[in-house]
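Below: the structure, in structure tokens.
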Amino acid sequence: MQIEDKILIWRFNRGDCESVRRIYEKYKHELLALAVSLLKDVSAAEDVVHDVFVSFLQLQHFNLTGSLKGYLATCVANAARNIIRAKIRHNHNSLDDIQSIESNTHSSDYETIFGEDRQRLTHAIWELPYEQREAVLLHVHGGMKFAAIAKLQKISINTVLGRYRYGLEKLRSSLNGEVPK
Amino acid sequence: MRPNEIKKLITNLKVKPNDALDAKVNNAIDSALEDKLKNQSAQQSPNIWRILMKSSFTKFAMAAIIIAAVIIGLHFINNGNVSITKPCLAWDCVVSHIMDANTAELDIIIGEEGKGPVIHDMIKGSRIRRTIESMPEASVIDLANSQILSLDAAKKKAVYISLKDLPQIPNYIDQLRNVITMLQSAPGFTTEDLGDHEFDGQMLYGFKATGPKLEVTIWADPNTGLPVRFEQTEGQMKIICKNVRFDVPMDDSLFSMDAPEGYKIEKQELNLFGSTEADFIEGLKIQAEVVGDGFFLDDVSMEYIVKIAPILKEKFDKLTVSEEEKTALGMKLQKGIMFIRFFKGEGKWVYAGKDVKLGDSNTAIFWYRPAGSQSYRVIYGDLAVEDTNEPDLPRPIDKP
């Protein structure tokens, strides 16, 4: 864990809520990117990031063994899953069908959000099945270990590795203009 | 595109939140901060002294405050104009024990009994060995060399505190004798006979001597004539010395200024006497900003400062500044406190800052008359200072 993060957590555990402001400023761009990438919905992503920090503020004590970024990424992923589960319940679908029920953010919004150079990547990520998308994003973007992702997804580490490999391969194919296998 | 390039792109994915999200999160943090501060103010600490010792800043600050508050507790300082007549025989008899003593041992309390920590002093020559209730350290105060050695046996740490501007006091007991002699020699010296009074189950007989800035009461054991309790009002601070015993055998090693072998040595400096009005004003500002959430404290007396020490500690702990900045801030706060402890003005001071907001330019929060001045200084809530004459004071100094 970064020294600065250790100090921020130490300060938080001593009741210094100002440290949360610093944590937010430090990770807000990445967490929002993760939430948008997972949810394909800017408003819902913003709600997720907000809720993560509100929950964080309610903690009495924070004992962290891994990275702070990884912890926050897990919180975002859990909150994103909750939103998606709620949508699934509403539509009587499964996680595999999530593409069909995700909000449609307009193409022009993607440019505003990610910038043109990352549009293709973003589109490619959104084309992935949710579980693969989550595995790729949490490992690469959130810096989480496969074991932690396995725990979050309640599956075996081998399944996570499989989802990650398939996801990455699909991204590569998509970005290189190949027809996905 | 290769997998590593894709990973790099994913790693660098960032989205700038809109202002509304920033505002929402920041509002949530502000609310949490407000709630925590409210809860902290409402909490009462069960054992303030143990908590206090957890912070190095507080340890130094509290040690300094306590040392400053009572270091000259038994110096019956003659402020020049003692106007009482002749000594009574009983007073003479009782003080003769002080005049003949070589060592002394006593417990000291600042303010009212039962409301503050008990400080235990052993006195031999110019040195005092001081321990404070519930605090692990023992300190040796060397008045001849203006130095304190604070020893923490658990941490094997020795801190030398140099007392800047401390008047030369070659021998503590001698000093006490000199002050009593001076008091008794003053024109118009008298004492008031207070009769019997029971303290801690023991019946004692009391005498009181009063001066312009000083009031000393000595309570003696009627069976032995030995003085066992002193009550001293110095300025606006009360100090009680009880369980006093003279000529108790004491080992010289208890008063050694050498740090034990293997102890880590640190050095600090403490200026007890050099505080100015500007230091006091700076202290008021820090108290209001750091401790009072923008409002001045209820009181600035030593008794009150010692009483709220846990809150001071908590507020300082929660400051989001470096330890160095915290220590610097603590030193400024101390200097402000020293202004009241060693108040050099004429007569009394008045503090009226309770419930006054920092920045309130219409409300006077403190007024006093500087030494040798005909006019008074009035400090307002915006910390501006005005010179004024006695009829224009917010209220007369001697009236509550």
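Order of the sequence lines fixes the chain letters, A, B, ..., with proteins taken first and strands second; residue numbering starts at 1 for each chain.
- Relative ring orientation between A:Phe56 and A:Phe53 is described as tilted, the plane-to-plane angle lying within the 30° to 60° band.
- Shown here are the ring pair (Phe, Tyr, Trp, His ring centres under 6.0 Å) partners of A:Tyr166, two or more places apart in sequence or in another chain: there are none.
- Between A:Glu134 and A:Tyr130, some side-chain heavy-atom pair lies under the 4.5 Å cut-off.
- A:His139 meets the ring pair (Phe, Tyr, Trp, His ring centres under 6.0 Å) test with A:Phe146, A:Tyr164; sequence neighbours excluded.
- Contact count against chain B (heavy-atom pairs under 4.5 Å) is highest for A:Glu18 among A:Gln58, A:Glu18, A:Glu25.
- Among residues 147-156 of chain A, no residue has any heavy atom closer than 4.5 Å to a heavy atom of chain B.
- Looking at A:Arg172 and B:Glu5, no side-chain N of the basic residue comes within less than 4.0 Å of a carboxylate O on the acidic one, giving no salt bridge.
- Take B:Phe366 and apply the ring pair (Phe, Tyr, Trp, His ring centres under 6.0 Å) test, not counting sequence neighbours, and it matches B:Phe280, B:Trp349, B:Tyr368.
- For chain A, the option among B:Ile10, B:Thr11, B:Asn26 with the highest count of heavy-atom pairs below 4.5 Å is B:Ile10.
- For the pair B:Gly283 and B:Leu333, the tightest heavy-atom approach, listed with the atom from each and the gap, is O-CD1, 3.9 Å.
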